[in-house]
Amino acid sequence: MIELHELTKRYGDTLAVDGLSFQVRRGVVTGFLGPNGAGKSTTMRMILDLDRPTSGRVTIDGKHYGQLSEPLKYIGALLEAKAVHPGRTARDHLRWLAQSNRIPPRRVDEVLGLVGLSPVAGKRSRGFSLGMGQRLGIASALLGDPEIVMFDEPVNGLDPEGILWIRNLMKSLAAEGRTVFVSSHLMSEMALTADHLVVIGRGRLLADLPMPEFIRQNSRSAVRIRTPQVEQLLTALDRAGLRAEAGPAGTYEVVDGDPTRIGELAAAHGVVLHELSPQQASLEEAFMQMTADSVEYHAGDGEGRDAAGAWGATWQPKAPRQEAN
Ligand code: ADP
Ligand code: MG
């Protein structure tokens, strides 16, 4: 288990990570989601002791990274664009890593097989494609057969086949009971991979909850209605046990409403409708709205925010929650 306690990192004027506290548990894939610049890579570097926290602390199974002897046997990581000596072959790179962590040399060919690099094991990594480089990075992370694996934006720049392979690998590692911690700036990717979701923006924790719960909270639908006979409609809805909330530009919205039922109800009461439209907030929109204030640079000014706020002022994703357990 990885535990962060009020973890904070300041670079000059930039507060890259701001009092982060959460836990990454065994046996599930935990997605670490945030817009670019949110502080994901900085957090991961601090977990690996590659960057020193300004304050707070992070432990791996209760220990600081520096206290782990042969750390590759506890935690394996794929960080951004791995530094691999371009003149070395894939096998030599892994042998060198294995030796420095007292990992038996036979494990090298095992992990090369696991990531599908056996046919090019003797080739210099200089000629590797991005996907092959990622696979070599993952082979390095798995070399020590660690209980914890951590991947920073592993699918960036990969083709669909490579993306699917990484997704399935992470799921199977978690199914083996390992701790899997993976970052992404893409909601869609997390929705397909993660069992648990930690969302950050500007270095701060915005949400920490099971993925199905995030989906349940953020994929509600509503029916938007516009009518010149507001009083009659609201009364009719109320009598039918339906609650309408004020929507943008004089509209009303019935959360989880059924357009057919509402249309017929209006007709039965002689209410004229100028609009009757189903509204669906996507997970992507929920994520954009949740992090709208945390995005470093907006495309255009305000426009992007409005596109995300398709629900106008009527409906917001519930306030981000921090789960205690
Ligand atoms: P993410 O991985 O979520 O995109 P990062 O952790 O890379 O975010 O960056 C978080 C913030 O910290 C950004 O504003 C970034 O510019 C800043 N930052 C990251 N590393 C450094 C560094 N070595 N020196 C100065 N600023 C940094
Ligand atoms: Mg990053």
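One-based numbering along the sequence shown. As the structure lists them, so they are numbered: ligands from 1, and atoms in each ligand from 1.
Put simply, Leu4 and Leu50 are part of the same group of oily side chains (I, L, V, M, F, W, Y) that touch within less than 4.5 Å, one to the next.
Around the Mg ion (ligand 2), protein N, O or S atoms at less than 2.8 Å comprise Ser41 OG.
A donor-acceptor contact shorter than 3.5 Å links the side chain of Ser172 to the backbone of Leu169. The main-chain N or O of His64 is never found under 3.5 Å from a side-chain atom of Thr59 such that the two would form a donor-acceptor pair. With hydrogens and angles disregarded, a donor-acceptor distance shorter than 3.5 Å links the side chain of Arg135 to the backbone of Val115.
With sequence neighbours excluded, the residues that form a salt bridge (Lys or Arg N to Asp or Glu O under 4.0 Å) with Glu70 are Lys73, Arg102. Shown here are the salt bridge (Lys or Arg N to Asp or Glu O under 4.0 Å) partners of Glu284, two or more places apart in sequence or in another chain: there are none.
Remark: ligand 1 and Ala38 share an N or O pair separated by less than 3.5 Å (distance only, no angle test). Considering backbone and side-chain N/O of Thr43, none are found under 3.5 Å from N/O of ligand 1.
Within the structure, every pair that satisfies the side-chain hydrogen bond (donor to acceptor under 3.5 Å, both in side chains) test and touches residues 226-237, not counting sequence neighbours, is listed here: Arg226-Glu275.
Contact atoms of ligand 1 toward Arg45: 20 (N) (distance under 4.0 Å to a heavy atom of the residue). Close approach of ligand 1 to Asn36 is summarised as follows: ligand atoms under 4.0 Å from at least one heavy atom of the residue are 4 (O).
Salt-bridge check for Asp152 with Lys40: failed, with every basic side-chain N at 4.0 Å or more from each acidic carboxylate O.
Contacts of Thr14 with ligand 1, taken as heavy-atom pairs under 4.0 Å, involve the side chain alone.
Between Phe181 and Phe32, the distance separating the two ring centers is shorter than 6.0 angstrom.
Here the shortest heavy-atom distance to atom 1 (P) of ligand 1, taken over Gly34, Gly37, Gly12, belongs to Gly37.
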